[in-house]
Amino acid sequence: MGDSTWVSTSMPYLTPREQGQPDAWGVEAAARGGKGSQRIVQAGEVPAPEEVAALLDVPVGETVVVRRRIIQLDDEPCELTDTYYPARVARGTPLARKGKIPGGAVTLLAELGHIGRRVREDVTARLPSAEERDALQLAPDAPVLTLSRVTLDGEDRPLQVDMMVMPAHRQRLRYEMRIG
């Protein structure tokens, strides 16, 4: 993959896949001539951290389900993503287990009757923590982009919160919107 900057759009990650289709990351990486994969490092119930609690509209410390993943491109780490779900949505489902979910989590959520209708993303830049720097194999002075995304259903109830950390020098986020 000649260009070291990755251009990413959010829409494929918010749309349920058709039966038998691969996950959005694998498709996006393959379209650019690469191999996209992910390693699930933790899945299960945890107390909601402050920022996540605010985005999920639950009290700090309330039990939520998290899936912590290292996203890889051609077997190299390119993103850290922690995805949180309210317990009412994810408890007892494959979201709470480490296994791969065919078609991705958004597809499973749709199958369970949880359809995202609105999304809000916030992007910031900062220096990574030592743990993030090690996981992403970054130089000590390399900044990261952080993207927090909350997906809401038709009643404006939060279904999912994604907290992503990406090397800034390898990312460009693209937002396209219809006007009118």
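In this text the structure is predicted, and so the values were computed from the model without any measurement.
- Among all heavy-atom pairs drawn from I101 and L108, the shortest one is CG2-CB, 3.8 Å.
- Ion pairing of R126 with E132 is present here, as a side-chain N (NZ or NE/NH1/NH2) and a carboxylate O approach within less than 4.0 Å.
- In the model, S129 has no side-chain atom that pairs as donor or acceptor with a side-chain atom of E131 under 3.5 Å.
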Test side-chain hydrogen bond (donor to acceptor under 3.5 Å, both in side chains) applied to R69 and T83, step by step = CA-CA 8 Å; R69 295 161 297 156; T83 303; 2.6 Å; yes
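- Contact between P158 and P86 at its shortest, heavy atoms only, is O-CG, 3.4 Å.
- The environment of E62 atom CD is dense: over 12 non-hydrogen atoms of other residues, nucleotides or ligands sit within 6.0 angstrom.
- The distance from the OH atom of Y85 to the CD atom of E45 is 14.0 Å, given to the nearest 0.5 Å.
- Both M164 and L145 are part of a single hydrophobic cluster, where members link through side-chain heavy atoms under 4.5 Å apart.
- Taking CD of E111 as the start and OG1 of T93 as the end, the distance is 11.0 Å to the nearest 0.5 Å.
- If you check the side chains of D74 and Q72, you find no donor sitting under 3.5 Å from an acceptor.
- Remark: R88 CZ is packed, more than 12 non-hydrogen atoms of other residues, nucleotides or ligands lying under 6.0 Å away.
- Once rounded to the nearest 0.5 Å, the distance linking CG of L152 with CG of L159 reads 7.0 Å.
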